[in-house]
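Report on the structure given below.
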There are 2 protein chains.
Amino acid sequence: MTEHENTAPTETGSTEPAGPSSADRPDGPDRAGGPDRAGGPGERQRAPRRLRADAQRNVDSLLQAAKTAFATSGVDAPAKEIADLAGVGVGTLYRHFPQRSDLIKAVFQREVDACADAAPTLAAAHPPGVAVEQWLRRYTEFLATKRGLATALHSGDPAFDALPGYFMQRLGPALGSLLDAATASAEIRADISAKDLLYAVALLCQPVSDEGVTYNERMVALLIDGLRYGAGTSRPAS
Amino acid sequence: MTEHENTAPTETGSTEPAGPSSADRPDGPDRAGGPDRAGGPGERQRAPRRLRADAQRNVDSLLQAAKTAFATSGVDAPAKEIADLAGVGVGTLYRHFPQRSDLIKAVFQREVDACADAAPTLAAAHPPGVAVEQWLRRYTEFLATKRGLATALHSGDPAFDALPGYFMQRLGPALGSLLDAATASAEIRADISAKDLLYAVALLCQPVSDEGVTYNERMVALLIDGLRYGAGTSRPAS
DNA sequence: TACTATACGGAATAGCGTTCCGGTTATGCA
DNA sequence: TGCATAACCGGAACGCTATTCCGTATAGTA
């Protein structure tokens, strides 16, 4: 144990489902999530097994540590670094998160969900075209603050293979609905899919040597303008 | 001779300067390029030294091998793989190309030069706006056929640090001149610099899981449309 | 032909990620 | 309450790649 004499359960609580839409997530190799059902005292604890208390504590520590390490060294921070930061051995890290992508998923799940959930809200508050723009802005924000995430998404490293699928599954439908509305009202062109955009924006959100986040935002904005070009509105095109 | 009976000089010849514009390249840690000055017999050969014949042969083999390996495994192909392919030891690889970026530079130099040199030609043959579009298309083509190059450019790995600078130095002015003309004629907006575009397109050219090159081309086209959006009409910015 | 600067190859070193295993501890039951 | 056992822990061991080092071989020259 390096730091934290983890007497008090690490308060991260990063594991329990947060968003309303987190229901459809298919599975989880680590049984980390969902201790919420522990509330009922009468609960049958026959359920296969519940994470042992120390294990749960370690998972929490790891998530907290990973969050920190990701912010510091990017999503490909050395495994040792994360384990040390959490005060556990690397073996423990790998047991709970066999794939790097599992860890990333767990760390960002909440934020991804929040991003997806923002879509209906935006759709209700703005005209379709604006909603798309706003949502993409929010998505950009998310990606840009996690430098390295976008890179990992496209790294080709098998350790991250599960990531694109996961992101697409959560965010695809969200953006898709906004896009449908916007193309229906002819505010943006119809030949670009949600998937196209999600990937493209992720690419544009990668850190660039001496530029800051502002650069990425400007380029995403440029791409969005391309979405409007030839949609039928201001341009005499077509 | 340890290696392969490379009797015939490897015909790559990838080292001698090829393009007219290759004059302004600043330096070269490896003395690989420019054996041309060997012609004059009266030449003071006090000049430090000329590459020994076997060394030159190895450099050629390495460039050829690297080209192949890059195409196969990406620009971060294992050093051993390249050395084996060239029939030399890794020591030889590192002696001639201490940095991974040196090797990449040497392999793609000619193509980068060709790309830069295409700018004046396009400028003469097309209206400014079209010229920009065409040039970017050519640039896209270059990047897309070198899957992994774009990723390396932004990897943050110190081994590639020299790359962005080199690319920018060669391509920046080329695109810059086209851009100036196009903004002058109000065909595209003026608030995006050559550097901005060069980086953005490089980002968009990164390979995406299950999509092909076509995807990257479409996204670049989308970005270019963004360039046209609000060029003269809605945005009278100076 | 003999000599020397130069280059060669691959062994040695170093830093990762990932797996494995002997020891430890929480949990369920008598 | 005390014990048997499954679950868990930490870190050593392993494999892979990049990078450096140095004794040996060779090209070029007198």
Side-chain angles (χ1 to χ4, degrees), chain A residues 1-2 6 9 30-32 38 43-62 65-66 69 73-104 152 155 157-160, chain B residues 1-6 9 30-32 35 38 41 45-62 65-66 69 73-103 152 155 157-160:
Chain A
M1 282 330 116
T2 53
N6 46 13
D30 54 301
R31 186 58 87 293
E43 177 94 348
R44 303 308 261 139
Q45 42 208 50
R46 308 292 301 299
R49 79 224 66 201
R50 186 167 131 206
L51 218 48
R52 225 170 73 176
D54 55 345
Q56 178 62 58
R57 215 164 16 201
N58 280 337
V59 166
D60 287 343
S61 295
L62 280 168
S73 319
V75 294
D76 48 2
K80 184 74 166 30
E81 179 181 327
I82 298 175
D84 285 350
L85 207 57
V88 305
V90 287
T92 301
L93 167 58
Y94 279 99
R95 188 168 334 95
H96 292 301
F97 305 99
Q99 300 277 335
R100 174 60 56 125
S101 59
D102 296 326
L103 187 54
I104 298 179
S155 68
D157 184 325
F160 300 114
Chain B
M1 194 59 58
T2 53
E3 30 131 317
H4 56 37
E5 62 315 294
N6 49 9
D30 54 300
R31 184 58 89 293
Q45 43 209 46
R46 309 290 302 299
R49 76 223 68 212
R50 187 170 132 201
L51 218 48
R52 223 168 73 174
D54 55 345
Q56 179 62 57
R57 214 165 17 204
N58 280 338
V59 166
D60 288 343
S61 296
L62 280 168
S73 318
V75 293
D76 48 3
K80 183 73 167 28
E81 179 180 327
I82 299 174
D84 284 350
L85 207 58
V88 306
V90 287
T92 301
L93 167 58
Y94 279 99
R95 190 167 332 98
H96 291 301
F97 304 100
Q99 300 277 337
R100 173 60 57 124
S101 60
D102 295 328
L103 187 54
S155 68
D157 185 325
F160 300 115

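Just so it is clear, the values below take in all heavy atoms, side chains as well, and ignore hydrogens, waters and symmetry mates. Quick note on labels: first sequence line is chain A, next is B, and so on, each numbered from 1.
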Original post:
Between C:dT18 atom C1' and A:Asp102 atom CG, what is the distance in whole Å?
Top reply: 14 Å

Original post:
A:Arg95 side chain N/O closer than 4.0 Å to the phosphate oxygens (OP1, OP2) of D:dC9?
Top reply: yes

Original post:
Whole Å only: how far is the CG atom of B:Asp84 from the C1' atom of D:dA18?
Top reply: 14 Å

**OP:** Starting from P on D:dT17, measure out to CG on B:Leu93 and report it in whole angstrom.
**Re:** 15 Å

**OP:** Mind calculating the distance between CZ (A:Phe97) and C1' (C:dG17) to the nearest angstrom?
**Re:** 17 Å

Taking only distance into account, with no hydrogens and no angle test, what donor-acceptor pairs under 3.5 Å do side-chain atoms of residues 73-81 of chain B form with protein atoms, sequence neighbours excluded?
unit_1	atom_1	unit_2	atom_2	d
B:Ser73	OG	B:Glu81	OE2	3.0
B:Lys80	NZ	B:Asp84	OD2	2.9

Subject >> Minimum-distance pair of heavy atoms, taken over all atoms of A:Ile104 and A:Phe160 >> reply: CD1-CE2, 3.4 Å

Hey, what are the protein-to-nucleotides 12-16 of chain C N/O distances that come in under 3.5 Å?
none

Subject >> Atom-pair distance (CG on B:Asp60; P on C:dA7), nearest Å >> reply: 15 Å

**OP:** Round to the nearest Å and state the distance from A:Gln99 atom CD to C:dG17 atom P.
**Re:** 14 Å

**OP:** Determine: side-chain N/O of A:His96 to OP1/OP2 of D:dC9, distance under 4.0 Å, yes or no.
**Re:** yes

**OP:** Measure the distance from CZ on A:Arg57 to C1' on D:dC8 and round it to the nearest whole Å.
**Re:** 12 Å

Original post:
If every non-hydrogen atom of B:Ile82 is compared with every non-hydrogen atom of B:Ala65, which pair is closest and at what distance?
Top reply: O-CB, 3.6 Å

Subject >> Residue mapping more 5' on DNA chain C - nearest nucleotide basis, A:Asp54 or B:Gly89 >> reply: B:Gly89

Original post:
Do you know which two heavy atoms are closest between B:Ala83 and B:Leu62, and how far apart they sit?
Top reply: CA-CD2, 4.4 Å

Original post:
Taking only N and O in the side chain of B:Asn58, is any of them less than 4.0 Å away from OP1 or OP2 of C:dA7?
Top reply: no

Original post:
Hey, is the side chain of A:Tyr94 poking within less than 4.0 Å of OP1 or OP2 on C:dT18, counting only N and O atoms?
Top reply: yes

Subject >> Whole angstrom value for the distance that separates P of D:dT20 from CZ of B:Arg100 >> reply: 13 Å

Original post:
Just how far is it from atom CG of A:Asp54 to atom CZ of A:Arg57, taken to the nearest 0.5 Å?
Top reply: 6.0 Å

Subject >> Of B:Arg52 and B:Lys80, the one whose closest DNA chain D nucleotide lies more 5' >> reply: B:Lys80

Original post:
Between atom OH of A:Tyr94 and atom CD of A:Gln99, what is the distance when rounded to the nearest 0.5 Å?
Top reply: 9.5 Å

Original post:
How many angstroms lie between atom CG of B:Leu51 and atom CG of B:Asp60, to the nearest 0.5 angstrom?
Top reply: 9.0 Å

Original post:
When you check the phosphate oxygens OP1 and OP2 of C:dA7, does a side-chain N or O of B:Thr92 lie under 4.0 Å from one of them?
Top reply: no

